[in-house]
Undergrad: 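I have a structure here, written as structure tokens, and I will follow up with some questions on it.
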Protein chains: 2
Amino acid sequence: MGSRVTILDVASEAGVSRQTVTRAMNDMADISEATRKRVLEAAERLGYRPSRFARNLVNRQKTHALGLVVASFRNPYYTDIAADMLSGAAKRGWQVMIAAPDGELEDVLGVLSAQVDVLVGHFGGPEADLREAGRGLPVVNLELVSTLPGVHSVHVDLESGIVEAVGALRERGARRFGMVDSAYTQRFSRAYEPSPRREWFERAAGSQLTGVVVGEETISGGGQAFAELLRRHPDTDAVLMFNDLMALGAVQNAHALGIDVPGRVRIVGVDGLSLGEAVDPQLTTISLDRQGIASNTLDIAEILAKADFAPIAPIHRSVRTQMLWRGSA
Amino acid sequence: MGSRVTILDVASEAGVSRQTVTRAMNDMADISEATRKRVLEAAERLGYRPSRFARNLVNRQKTHALGLVVASFRNPYYTDIAADMLSGAAKRGWQVMIAAPDGELEDVLGVLSAQVDVLVGHFGGPEADLREAGRGLPVVNLELVSTLPGVHSVHVDLESGIVEAVGALRERGARRFGMVDSAYTQRFSRAYEPSPRREWFERAAGSQLTGVVVGEETISGGGQAFAELLRRHPDTDAVLMFNDLMALGAVQNAHALGIDVPGRVRIVGVDGLSLGEAVDPQLTTISLDRQGIASNTLDIAEILAKADFAPIAPIHRSVRTQMLWRGSA
DNA sequence: CACGGTCCCGTGAAGGTTCACGGAACGATC
DNA sequence: GATCGTTCCGTGAACCTTCACGGGACCGTG
């Protein structure tokens with residue numbers, strides 16, 4: 001429980017100076033093989049490990065760290081983005097520190113902001129809190145385009161994707177449109193009521209809208225909401241599910257209820273998860289370019305790094321969607 | 001592009017000393033309201049942000065950081081563990097930095113080890129590299145029990161779980177056992193050939209073993225391998241799939257091929273993913289206690305922290321499995 | 001006037017590492 | 001024997017923040 005073993009301890013143990021220890025530890029030149037070995041042994045003996053803080057304090061600007069807030073680890077959409085972010089960051093020499101908002105958003109951001117240079121992710125709260133919780137850090141919002149200064153964003157143009165999907169469904173004969181929305185979005189006040197997806201869908205469906213049912217953002221929640229929607233509006237022949245996870249439950253539930261998909265009702269998800277290939281029929285979905293989100297985010301992060309993370313004019317990038325016609329629609 | 005803005009810049013901008021800036025930034029006492037406001041404004045104006053390194057250098061011992069190596073973000077088993085680790089760590093005041101081994105394990109561990117106090121995760125390589133790549137950091141291996149000094153482990157007692165599963169399958173009438181193993185494990189030399197799971201299963205099945213087919217560690221890979229297994233050994237009436245992801249493909253493929261599950265063949269997965277509830281019939285699986293893995297890992301991490309991360313005798317914890325009888329077996 | 005107390009603020013030091021530079025020892029060269 | 005170059009190693013400084021302590025200004029009290 002004694003205090004930490006420092007470079008000086010190793011130096012005196014090996015009978016050399018600090019600098020020589022550094023040379024030995026970092027495989028630098030200007031040191032004899034015998035001395036290097038002696039120092040390394042002393043370090044091993046004492047269990048010496050360089051302080052990452054002191055080290056990074058000296059050569060700052062070297063590596064940058066990005067704090068990623070993952071909305072949920074139970075939805076592959078978010079973990080996919082995290083995966084792309086991670087591999088992309090590694091290629092560009094960035095560190096990624098991940099946090100998941102278990103309780104209060106503030107708690108997560110508080111600890112995270114002390115460790116990183118940029119804050120990135122799906123924060124899922126009123127964005128007024130964002131600037132405050134970030135404590136002066138630049139923020140990249142992956143959820144919606146922000147109007148706050150210092151808050152940048154990468155935005156999925158889902159609206160045109162939904163319009164495209166509804167149009168294509170019409171071409172395939174659909175006339176009565178229903179939707180399952182997420183109950184999750186109701187947790188927040190202004191920013192999310194009603195959900196943008198719902199608004200876009202209702203506008204696209206127009207007079208052909210049958211109804212909207214709200215469900216929990218899980219597989220079973222989607223299945224239940226889907227069944228409820230068909231119970232209330234039996235004439236519905238095309239359903240947009242809030243996301244793929246819920247759509248999986250819909251396909252599954254339709255199968256259990258003996259409802260023909262896409263014969264009687266067409267089902268379309270949102271996200272483009274490869275998981276959609278695991279059900280029968282395979283899930284048709286509006287695919288969101290997760291890799292594009294990640295790379296755009298990292299682009300912004302690098303621009304911010306170039307400006308030494310000083311406040312700059314907000315950057316807003318956008319990625320487009322792509323229809324993935326599989327079996328369910 | 002100038003150098004970083006430090007506390008001294010803010011101090012001179014506000015016409016005060018360092019310490020007063022600190023007082024203002026950290027909501028400390030002994031400062032007048034007017035001065036605090038003036039300092040905060042100056043900080044805002046300059047975009048000042050305290051260096052996390054310098055700060056943590058001063059009050060060390062405060063927060064500890066854990067480096068988590070996630071084998072794959074495409075398998076919910078690993079992201080589940082990450083989620084549990086993240087929420088558990090937050091509760092205990094730990095930071096988590098996550099990395100995914102995209103290319104070489106060494107690269108990931110190299111950068112990660114500079115940032116954290118403990119290394120944790122599924123490393124999936126020859127463990128000889130582990131001690132080396134950790135660069136003196138304590139390591140907690142989540143994959144197998146290590147014999148190396150300084151490498152601790154949390155181990156899933158899957159062997160008894162497999163024995164239990166095979167026994168229960170026999171009670172249900174199964175007599176011809178087959179398995180789909182992972183091709184992934186063939187990437188590594190000594191430690192993984194053949195995979196422990198396969199050895200345990202072959203021993204448990206004994207003379208009732210029909211055959212083993214190797215497949216890619218994905219949903220479709222599992223489906224293909226499953227079909228191949230049944231083609232080669234049509235009399236197989238019970239199959240252990242390497243993990244749930246592959247088992248999902250098996251159930252799916254059986255459905256497509258018109259094979260009755262569990263009537264003609266029983267399918268058992270490994271992991272206990274909730275995703276298994278999304279297929280029909282729902283997947284029976286040997287559930288691994290992911291939360292237990294996370295909490296045990298954090299326990300070990302805290303013990304290591306108490307010892308200031310100095311080398312101590314390896315700690316090995318173990319968690320048990322639990323059969324989840326759903327529909328497929 | 002002397003003294004104590006409060007309020008506000010500043011200076012030295014520490015924390016552990018790396019960079020830049022200087023310097024000693026030694027053999028080689030002219 | 002003086003000079004030079006090489007090899008190896010050590011000392012001062014810097015990185016940026018916080019902690020511990022001290023000190024001046026001001027007010028009130030005896």
Side-chain angles (χ1 to χ4, degrees), chain A residues 2-40 42-43 46-65 113-115 117 135-136 308-309, chain B residues 2-40 42-43 46-65 113-117 135-136 308-310:
Chain A
S3 70
R4 183 193 182 84
V5 37
T6 84
I7 198 174
L8 289 176
D9 299 327
V10 180
S12 79
E13 170 84 9
V16 294
S17 73
R18 312 185 305 260
Q19 181 62 18
T20 302
V21 176
T22 295
R23 280 192 264 259
M25 298 295 294
N26 301 5
D27 277 335
M28 299 170 66
D30 295 337
I31 184 173
S32 73
E33 202 45 54
T35 320
R36 156 170 294 144
K37 195 176 171 191
R38 190 156 42 92
V39 171
L40 290 181
L46 298 180
Y48 166 70
R49 190 170 53 86
S51 156
R52 63 177 195 271
F53 298 118
R55 169 172 288 178
N56 291 37
L57 182 59
V58 172
N59 41 342
R60 66 197 192 293
Q61 100 266 5
K62 267 295 185 56
T63 80
H64 298 300
S113 62
Q115 304 277 340
D117 303 300
R135 295 177 182 274
D308 268 328
F309 303 102
Chain B
S3 69
R4 183 196 183 85
V5 38
T6 84
I7 198 174
L8 288 176
D9 300 326
V10 180
S12 78
E13 170 84 8
V16 294
S17 73
R18 311 185 307 258
Q19 180 62 16
T20 301
V21 176
T22 295
R23 280 191 264 259
M25 298 295 295
N26 301 4
D27 278 334
M28 299 170 67
D30 296 336
I31 183 174
S32 74
E33 202 46 52
T35 314
R36 155 169 296 144
K37 195 177 172 189
R38 189 155 43 90
V39 171
L40 291 181
L46 298 180
Y48 166 69
R49 190 170 52 84
S51 154
R52 60 179 196 271
F53 297 117
R55 171 173 285 178
N56 291 29
L57 181 60
V58 172
N59 39 344
R60 65 200 193 290
Q61 102 266 3
K62 265 294 184 58
T63 79
H64 299 299
S113 63
Q115 303 276 340
V116 300
D117 304 300
R135 293 176 182 274
D308 268 327
F309 304 101

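Every chain is numbered from 1, with letters handed out A, B, ... down the list of sequences.
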Undergrad: Side chain of B/Gln19 only, please: which of C/dT17, D/dT17, D/dT18 is the nearest?
TA: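 When the side chain of B/Gln19 is considered, D/dT18 is the closest of C/dT17, D/dT17, D/dT18.
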Undergrad: Does A/Thr22 place a side-chain N or O at less than 4.0 Å from the phosphate oxygens OP1/OP2 of C/dT18?
TA: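 Yes, because at least one side-chain N or O of A/Thr22 sits under 4.0 Å from OP1 or OP2 of C/dT18.
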Undergrad: What's the CZ-P distance between B/Arg36 and C/dC7, to the nearest Å?
TA: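 Rounding to the nearest Å, CZ of B/Arg36 and P of C/dC7 are 14 Å apart.
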Undergrad: Reckon B/Asn26 has a side-chain N or O less than 4.0 Å from the OP1 or OP2 of D/dT18?
TA: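 Yes, B/Asn26 has a side-chain N/O under 4.0 Å of OP1/OP2 on D/dT18.
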Undergrad: Could you check how far CD of A/Glu33 sits from P of D/dC9, rounded to whole Å?
TA: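 For the pair A/Glu33 CD and D/dC9 P, the rounded distance is 11 Å.
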Undergrad: Between A/Leu57 (CG) and D/dC15 (C1'), how many Å, whole number?
TA: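 Atom CG in A/Leu57 sits about 4 Å away from atom C1' in D/dC15.
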Undergrad: Name the residue closer to the 5' end of DNA chain D, choosing between B/Pro50 and B/Arg23 according to the nucleotide with the nearest heavy atom.
TA: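 With B/Pro50 and B/Arg23 compared, the 5'-side residue is B/Pro50.
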Undergrad: Between A/Thr35 and D/dC8, is there a contact of a side-chain N or O with OP1 or OP2 at under 4.0 Å?
TA: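 It does not, given that no N or O in the side chain of A/Thr35 lies less than 4.0 Å from OP1 or OP2 of D/dC8.
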Undergrad: So do the side chains of B/Ile7 and B/Pro50 get within less than 4.5 Å of each other, counting heavy atoms only?
TA: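 Not touching, per the 4.5 Å side-chain cut-off.
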Undergrad: Can you check the A/Phe53 CZ to C/dT18 C1' distance for me, whole Å?
TA: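 That distance rounds to 17 Å.
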Undergrad: Any sub-3.5 Å donor-acceptor pair from B/Asn56's side-chain atoms to A/Phe53's backbone N or O?
TA: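 Flag not set: sc B/Asn56 to bb A/Phe53 has no pair under 3.5 Å.
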Undergrad: Phosphate oxygens OP1/OP2 of C/dG10: is one of them under 4.0 Å from a side-chain N or O of B/Ser17?
TA: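 So the side-chain polar atoms of B/Ser17 do come within 4.0 Å of the phosphate oxygens OP1 or OP2 of C/dG10, strictly under.
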Undergrad: Using only heavy-atom distances, decide whether a donor-acceptor pair under 3.5 angstrom links the side-chain of B/Arg18 to the base of D/dT18.
TA: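 A donor-acceptor contact between them is present.
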Undergrad: B/Asn56 CG to C/dT17 P: how many Å, rounded?
TA: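 It is 15 Å, rounded to the nearest whole Å.
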Undergrad: Answer yes or no: does a side-chain N or O of A/Thr20 lie under 4.0 Å from OP1 or OP2 of D/dG10?
TA: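 It does, given that an N or O in the side chain of A/Thr20 lies less than 4.0 Å from OP1 or OP2 of D/dG10.
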Undergrad: Look only at the side chain of A/Asp9 and the backbone of A/Thr6, and say whether a donor-acceptor pair between them is shorter than 3.5 Å.
TA: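 Yes; at least one donor-acceptor contact below 3.5 Å.
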Undergrad: Do B/Arg55 and C/dG15 share a donor-acceptor pair, side chain to base, under 3.5 Å?
TA: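 Between C/dG15 and B/Arg55, which were checked side chain against base, a qualifying N/O pair under 3.5 Å is absent.
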Undergrad: Could you state the CD1-P distance from B/Ile31 to C/dC8, rounded to the nearest angstrom?
TA: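 Roughly 9 Å, once rounded to whole Å.
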Undergrad: Measure the distance from CE on B/Met28 to P on C/dC9 and round it to the nearest whole Å.
TA: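 Going from CE in B/Met28 over to P in C/dC9 covers 13 Å.
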Undergrad: Where the side chain of B/Ser12 meets the backbone of B/Gly15, is there a donor-acceptor pair that is under 3.5 Å apart?
TA: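 Checked: no pair found.
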Undergrad: Tell me whether the side-chain N/O atoms of A/Ser32 come closer than 4.0 Å to OP1 or OP2 in D/dC8.
TA: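 For A/Ser32, the contact criterion (side-chain N or O under 4.0 Å from OP1 or OP2 of D/dC8) is not met.
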Undergrad: Which nucleotide in the list D/dT17, C/dC8, D/dC19 gets nearest to the side chain of B/Asp30?
TA: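 For B/Asp30, the side-chain atoms sit closest to C/dC8.
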Undergrad: For B/Ala14, is there any backbone N or O sitting under 3.5 Å from a side-chain donor or acceptor partner on B/Arg38?
TA: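 Confirmed, B/Arg38 side chain pairs with B/Ala14 backbone.
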Undergrad: Provide, to the nearest angstrom, the distance between the CG atom belonging to A/Leu8 and the C1' atom belonging to D/dT11.
TA: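 Roughly 12 Å, once rounded to whole Å.
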